[in-house]
Each structure stands twice: as C-alpha cells, then as structure tokens.
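Here's the structure, in structure tokens; my notes come after.
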Amino acid sequence: MKQIYLILAAMMLLCLAPMPYGYFQFVRFVAMVVFGVMAYRYYQNQKMVATWVFGALALLFQPIYKIALGRTVWNVVDVIVALLLIALFIMEWRNSRKGYVKYETLPPDDHPELEDNKIEFQLKGKLAPKELVYVASEEDKALTELFETHPEALEGWGQMIGFHIVYLPLLLKRLKDKKVLQYRAPYLTDAELKDIAIGNDYLLQYLDNPEDRDKLKHGFIRTEDVHRGSDGKDKAINRFYPLSSTSGEPLADQLHRIGKQISTERFGQGRYLEQQSDTFDDWGDVVSEPKDLGTSPHQDEETENLMEEVRERIAKLRLRGIAESILEQLIHPDDRLSKLLVTKDYRIVLPNYQNMEIKMEPIVKAVYLLFLKHPEGIAFKCLPDYRKELAEIYNKLRPMGLSDRALQSIEDVTNPLLNSINEKCARIRGAFLGEFDDYMAKYYYIEGKRGEAKKITLPRNLVVWE
C-alpha cells in the first residue's frame, strides 16, 4: 500500500493542472477504491478515527453521485489529501524500518578481547534466551534511578540488540498492576500481595558458587547454555556484563560495548546485531504465541473459535520468558483450593478466592451443575440417560419455564453424536481459566481421557450447596 500512497498523491497533485475530464473521473474512481480499502484496514485494526476519515474520503471522491465543490475548493482538497498520503507513506516506512534486521561488520581492531564472564547458576536461575536481567549485589543509585524513571531508554537499547531488558523491581510492579499475581494465586489477600517484594539481588540466591556474588556488583546476565554439572545436577551457564555509573566510561559507551560483546559471543567475530524484528507487548515482554490448550479432533469450527478466545484471554494474563520463570519461583501455586459454593439462586462462588464468582450462561451452568452432582463422572455416550435430570436443573435456572429453544438445547447437549457437549465443556473451562491459573483451575472444570467418564476432580468435601 505504501507505493500506492505516493502514486495517488501524485495523481491528486496532477489535478491542479489542466487535465482532460476523463482524468478527473479516473482519479475519483481510484481514490474511492484506495480510501475504501484503507478504511477497511483501519477498521480491522480497530482504529476508528482513521476508519471514519478514510470512509468519508471514499464517499467524497466517489464518481457516482458527484459532490460539487467548485474547482478552487477541489484544488485545496487535492493538496491536503496528497500531503496526508505522503505523511502516511513516511510514517509507515519508518515503522517498517523498526523491525529491520541489520548487521554491521566490525573493524578488525574493534573486536573486544573477551574475558571469561561465565557464571554457573543452579538451573532454577535459568533465564529465557532473549532476556538480559539486571542484577546487583551492591546498590548503584544512578543506575537504579535510570531504570525506575527512564526504563524506555534501556528498553530501546535492548530492542536494538535483540533482547528484552528486565529490571526486577519494575517487573514486580507491573505484575501487581496487571493483576497477574492474583491470577497466579487467587487465595492471596491484598495485604499479602503488598508484602511480596523482589530486589536486584534476587537471582543471586541461585549461584552455584556463592563466592561468585562478589563478581556481580551490578550489570546484566543472560543464559547461554544448560549442562550437567560434575555433581550430577543441571546447571545454567549465565554470562555477566558489568555496568556502572562510576567506572569513568560513559553509560552509552558501556551499553554499546556490551551489545558488541554479546554479538561476538553469539555470532562470532565481525557481526553486530543493530535491530531485530521481535515485537513487544505493553509490558515490554517479547510477544510469543499463546500456549496451545489442546482441542479434541471432534470439535467443530465453533468450538475451535471458542478455544481461541480462551487462549487469547489466558495469553493476556500469563507472562512470557523471564517473567514466567521468576513468577514460578516467586509465587508457586500450591494446592490451596477454595470451597465451591452453589448459592440458593445458583450462583457459583469460590469463597476462599476473595468470593470470586464464576459466571456462565444458563445452559452451560446447567451442564456444570449436572457433572458437579456426579463425582463418579459421566461418559458422553451415556448423556441421553441424564437428559431428564439436566432438564430439571436447567428449569431451576430459568424459573419462567423452558421454551422450545431451551428444550432443543438440552436435546443437543445430551446427544453424543453432536458437538454441543464439547462446546459447553470448553466454555466451562474458559470460565475458570479466565479467572485463575490452570494449576488450580483444573480441579474445577470438566475433564477426562477419551473414552472414559468425564468428571470434576474437586474433592466433594469442598462443594457446598446452600
């Protein structure tokens, strides 16, 4: 599209010259098509202002019902629109350059003499391969202020060399702001969450040799390799890159030197990665594909679309890379399961998870309550035997009575030859996973191996019916 912007802009400017009438008609038609396509693209990207602007331009230039503005006004419109198209071309060109991968050959005398900067950590201290984590056994106030007040400066440098920069105290703040800790451990109270803290020396507890702590005053570490140690335990080989505000070397030069050193270690002499094409989300994390939740081969397109919605919801709450590994160590979910309360008006509440309510559509909730009443489980092939019981439960959720459509829903969900039951179980799973981590959610939703009875594994002493 970028080249089309320039072509259409040139065509608009040519309208200022005395051209044949057919040329103006041709420009109107081309403009209508281009602006219509642009409006649709912006609509898909949910940029509504741009959608309305280019939708209006498509209507203005359409050649069917011509809008008479006069030659002078049309000339002004043509110039403004041409400038707009040129500006869009420049903006999109710059954006495309941000993801461009460029290597530069280093001068022969610029290859650094690399020191042995390998530090062994226990495997629990392993980082993601695209992470540079700031660690410090001593405080450097200037660096601390830089990270906390201007994190974008180091994030930009990290993107240039292909790494995500992690500053642990800021990461923890983002975890709290994004409600991720509550998702991971819903049993924690607000007071308990406030007490959780993490410092720049957090990862140093995983040093294989505690004496190495003196070498890590302040700087970045990255994981290079994992191997089996002489003691038979797996070790993570992390490389350390010192950074200091008091070394006498400008901070920008230190960062440039670190970038070249990492490039030399990863790619060999002679190449320096200036930019890379990874994308980062609004937390600064490298965006990866959402975790596949798995679907049955028998699920139809509707169920697959539903599971995709569930994946997206979970992907927004889960962390990636270093954030996930540190979160696993910082808050490892235990088996602190909540009671499940079914109220008199059939709301599903988890009292020990801050009275969290799990909301479902009536037919989905009816299926869930049916399985909740049968701890032994129900095989899908036997669902017709439970049709009457499901109807009774569904009727309690709909005090106005069951319509023909509701009866048909019951018929469909208890027909093992249809996919309705798979779709309802997917919605139940999504209702719980949308609120808290699968580590505990798996006890609450319906699951089971193929060919076996499907059940809710939550111990029934935790189920309370009002």
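Because only heavy atoms are used, hydrogens play no part in the values below, and waters and symmetry mates are left out as well, while side chains stay in.
- Residues Pro186 and Tyr183 share a closest heavy-atom pair of CD-O, 3.9 Å.
- For the pair Val77/Leu60, a side-chain contact is recorded, criterion being any heavy-atom separation below 4.5 Å from C-beta on.
- Using modelled atom types, one finds no donor on one side chain facing an acceptor on the other under 3.5 Å when comparing Glu192 with Tyr187.
- Looking at heavy atoms from C-beta onward, Val27 lies out of side-chain contact with Met19 at the 4.5 angstrom threshold.
- Using a 4.5 Å cut-off on side-chain heavy atoms (C-beta onward), Tyr241 and Leu132 make contact.
- Residues satisfying the salt bridge (Lys or Arg N to Asp or Glu O under 4.0 Å) criterion with Arg222, sequence neighbours excluded, are Glu224, Glu265.
- Distance check, rounded to the nearest 0.5 Å: CG of Asn355 to CG of Leu350 gives 9.0 Å.
- The salt bridge (Lys or Arg N to Asp or Glu O under 4.0 Å) search around Glu357 returns Arg347, not counting sequence neighbours.
- The side-chain heavy atoms of Asp385 and Ile378, taken from C-beta on, include no pair separated by under 4.5 Å.
- Residues Phe54 and Leu84 meet the side-chain proximity criterion, which asks for heavy atoms closer than 4.5 Å.
- Expressed to the nearest 0.5 Å, how far CG of Asp438 lies from CZ of Arg184 amounts to 10.5 Å.
- Ion pairing of Arg427 with Glu423 is present here, as a side-chain N (NZ or NE/NH1/NH2) and a carboxylate O approach within less than 4.0 Å.
- A heavy-atom distance below 4.5 Å is found between the side chains of Glu152 and His150.
- Heavy atoms from other residues, nucleotides or ligands lying under 6.0 Å from CD of Glu145 number 12 at most.
- Annotation: Tyr444 is in aromatic contact with Phe432 [ring centroid separation under 6.0 Å].
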Can you give each donor-acceptor pair under 3.5 Å made by side-chain atoms of residues 8-18, sequence neighbours left out, with the distance rounded to 0.1 Å?
none

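- Ring pair Phe380/Phe371 is perpendicular by interplanar angle, where above 60° counts as perpendicular and below 30° as parallel.
- Under a 3.5 Å cut-off, the side chain of Lys365 and the backbone N or O of Leu397 do not form any donor-acceptor pair.
- Under the 4.5 Å side-chain criterion, counting only non-hydrogen atoms from C-beta, Tyr443 is not in contact with Leu340.
- The 12-atom threshold is not exceeded at CH2 of Trp52, counting heavy atoms of other residues, nucleotides or ligands nearer than 6.0 Å.
- A 4.5 Å side-chain heavy-atom check between Tyr134 and Leu154 finds every atom pair outside the cut-off.
- Note that NZ of Lys373 is 7.0 Å distant from CD of Glu389, once rounded to the nearest 0.5 Å.
- Of the possible polar contacts, none joining the Glu466 side chain to the Thr343 backbone as a donor-acceptor pair under 3.5 Å is found.
- A side-chain donor-acceptor contact under 3.5 Å links Ser420 and Lys424.
- A donor atom on one side chain and an acceptor atom on the other are not found under 3.5 Å apart for Asp404 and Gln408.
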